[in-house]
Amino acid sequence: MRRPPALRHVLRGGTGPGARDLLFHDKAPRQGETQRQGGTPRQGRMPALRVAVAGLLLVGLAAPLSAQAQTSEKPPAASGATGAKETGAKETGTKAGNAAKTGNGAKTGNGANGGKSTPAAAANPAPAAAAPEPSGPVDVAFGAYQAGNYLTAYKEAMKRVEAGNDPAAMTLLGELYARGYGVPYDPAKAAQWYERAAKSGSANAMFALGMMNLTGQGRAVDEAAAQKWFEQSAKGGNPAAAYNLGLIYLQGRGVTQDFTKAATYFKQGADGGVADAQYALSVLLKAGNGVPADKAAALKYLTAAAQQDHVTAEVELAIATFNGDGVPKDEAAGAALFRKAALAGNAIAQNRYARVLSVGRGAPQNKVASAAWHMLAKAQGLGDPYLDGVVDSLSPEDRKKAEDVARKWIALTPNAVEP
């Protein structure tokens, strides 16, 4: 069966590091900068947030969908050795590489990484419907769904619907049809099941209907209707719907722009565990947009997002930790965060980690690995004259090692760009 990818969004932080970033005297690329697109550098820095909406959102599943294997790259090494490991890919839209267009049109990976990522196209893209919630101590249908036994999930859900009003089972059936899992892909049928579930009070089904109205899947595009479904879903406790509403008010999309309402909805999403909402709220709190400025609270939510592998949050927390900006200075911990985000394909993190390795601050000095990381960041449009100098200082043999490492990374990285 077809498995259309969930739609995703990306939220960019716009404050960027200050002159103390990594304490280098020459100008380094900044967090507000993005990659070159068509040979032209794009740059934009906002006092609050840079947002991008490709259908607004798609996170906050009530429970993870069945995991699909996905390659995760290991770092370039001076020896030229690199590899890949298999990981479970949660369909939450918060991992690096979940692509969307930013407000200025430049494509980035999740979390505003400045790195180029190409979203996979689907003939019939599915909305990021909330995963069906289990009901009762033993939920055979939901368990089958989680295990990837979709036909069994369908049969068990149908039994429950036929036995009586069961919004959780109806939501599950909508999810199966919306994604083409175990049954033919049929967005119209998906919408019918979601509507039945929504009328019975399922906040997850309401969220799914909002996404369908927003994207035009199974019904005409209707942003006003999408907003209403999101509002009902948020009132029902769905944190992903609350986050979407935050984006709507942040952008003023069909409503009067209202940072206070955006912050309120972001907080609901953040407290519900949505990493993107945690990051968004942290930026508003830091800047004092829509809420009183509160750097301590901003750091708390930034850290929470980073702990959920939100790449932009990781990068910003790494910068703060490396420089001791609002947190105890710890160059080793900052370098480790840069490395983690760099492994996720974040161009800014790759650039920062390359700088760390070039001088041996927070991590052992390794100019060959530094050059390799710089080549990868530069391939995404994030140049750095200082690191160009590091590459130029290498012997021909060491430069070839760095180039070989970068090429091996490219070979193992989906959507990577040749250096």
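Taking 4.5 Å as the limit, every side-chain heavy atom of W193 sits out of range of all side-chain heavy atoms of L176. Under the 4.5 Å side-chain criterion, counting only non-hydrogen atoms from C-beta, S370 is in contact with L387. You'll find the side chain of M375 stays beyond 4.5 Å of the side chain of V405, heavy atoms only. Counting only heavy atoms from C-beta outward, the side chains of Q350 and H374 never approach each other to under 4.5 Å. Contact annotation: the side chain of R352 never approaches that of F322 to less than 4.5 Å [non-hydrogen atoms, C-beta and beyond]. Annotation: side chain of I248 is in contact with side chain of V255 (closest heavy-atom distance under 4.5 Å). The shortest distance between side-chain heavy atoms of E175 and Y150 does not fall below 4.5 Å. With a 4.5 Å cut-off on side-chain heavy atoms, V221 and L214 do not count as touching.
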### Query
Taking it one step at a time, do K286 and D294 satisfy salt bridge (charged side-chain N to carboxylate O under 4.0 Å, His left out)?
CA-CA 6 Å; K286 183 176 181 180; D294 188 336; over 6 Å; no
### Query
Checking salt bridge (charged side-chain N to carboxylate O under 4.0 Å, His left out) for the pair K400/D404: CA distance, chi angles, key distance, verdict?
CA-CA 6 Å; K400 184 177 184 304; D404 289 344; 3.0 Å; yes
### Message
Could you go through K329 and E331, starting from their C-alpha distance and side-chain angles, then the distance that decides it, and tell me whether this counts as salt bridge (charged side-chain N to carboxylate O under 4.0 Å, His left out)?
### Response
CA-CA 6 Å; K329 181 178 176 63; E331 292 189 354; 3.2 Å; yes
### Task
Go through the steps for E195 and R219 under the test salt bridge (charged side-chain N to carboxylate O under 4.0 Å, His left out), then give the verdict.
CA-CA 12 Å; E195 285 178 348; R219 54 184 53 205; 2.5 Å; yes
### Query
So Q251 and Q257, side-chain hydrogen bond (donor to acceptor under 3.5 Å, both in side chains) or not? Walk me through it.
CA-CA 6 Å; Q251 292 181 322; Q257 187 178 48; over 6 Å; no
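A tilted orientation is assigned to the rings of Y181 and Y145, their planes being inclined by 30° to 60°. By the 30° and 60° cut-offs, the orientation of the rings of Y279 relative to H310 is parallel. Between Y177 and Y154, the ring-plane angle classifies as perpendicular under the 30° and 60° cut-offs.
A320 meets the side chain to side chain contact (heavy atoms under 4.5 Å, CB included) test with D325, V327; sequence neighbours excluded. Listed by chain and residue number, A234, Y265, Q268 satisfy the side chain to side chain contact (heavy atoms under 4.5 Å, CB included) test with A242 (two or more places apart in sequence, or in another chain). Applying the side chain to side chain contact (heavy atoms under 4.5 Å, CB included) rule to A306 yields the partners A313, E314, L317; only residues at least two apart in sequence or on another chain are considered. Considering only residues two or more places apart in sequence or on other chains, D398 meets the salt bridge (Lys or Arg N to Asp or Glu O under 4.0 Å) condition with K401. Scanning for side-chain hydrogen bond (donor to acceptor under 3.5 Å, both in side chains) contacts around W229 gives N213, with sequence neighbours left out.
The pair K235-E231 does not meet the salt-bridge criterion, since no charged nitrogen lies less than 4.0 angstrom from a carboxylate oxygen. Using a cutoff of 4.0 Å between basic side-chain nitrogens and carboxylate oxygens, K378 and D388 are scored as salt-bridged.
Side chain of S233 to main chain of F230: no donor-acceptor pair is present (N/O by atom type, distance under 3.5 Å, no hydrogens or angles).
Looking only at atom types and distance, the side chain of T260 has no donor-acceptor partner in the side chain of Y249 under 3.5 Å away.
Heavy atoms only, all atoms of each residue included: A157 and A169 are closest at O-CB, 3.7 Å. Nearest approach of A377 to N351, heavy atoms of both residues: CB-N, 3.9 Å. Closest of all the heavy-atom pairs between L357 and A363 is CD2-CB, 4.0 Å.
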List, one per line, each side-chain donor-acceptor pair under 3.5 Å for residues 295-303, sequence neighbours excluded.
{"unit_1": "Y301", "atom_1": "OH", "unit_2": "D271", "atom_2": "OD1", "d": "2.9"}
{"unit_1": "T303", "atom_1": "OG1", "unit_2": "L299", "atom_2": "O", "d": "2.8"}

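At most 12 heavy atoms of other shown residues, nucleotides or ligands fall within 6.0 angstrom of atom NZ in K367.
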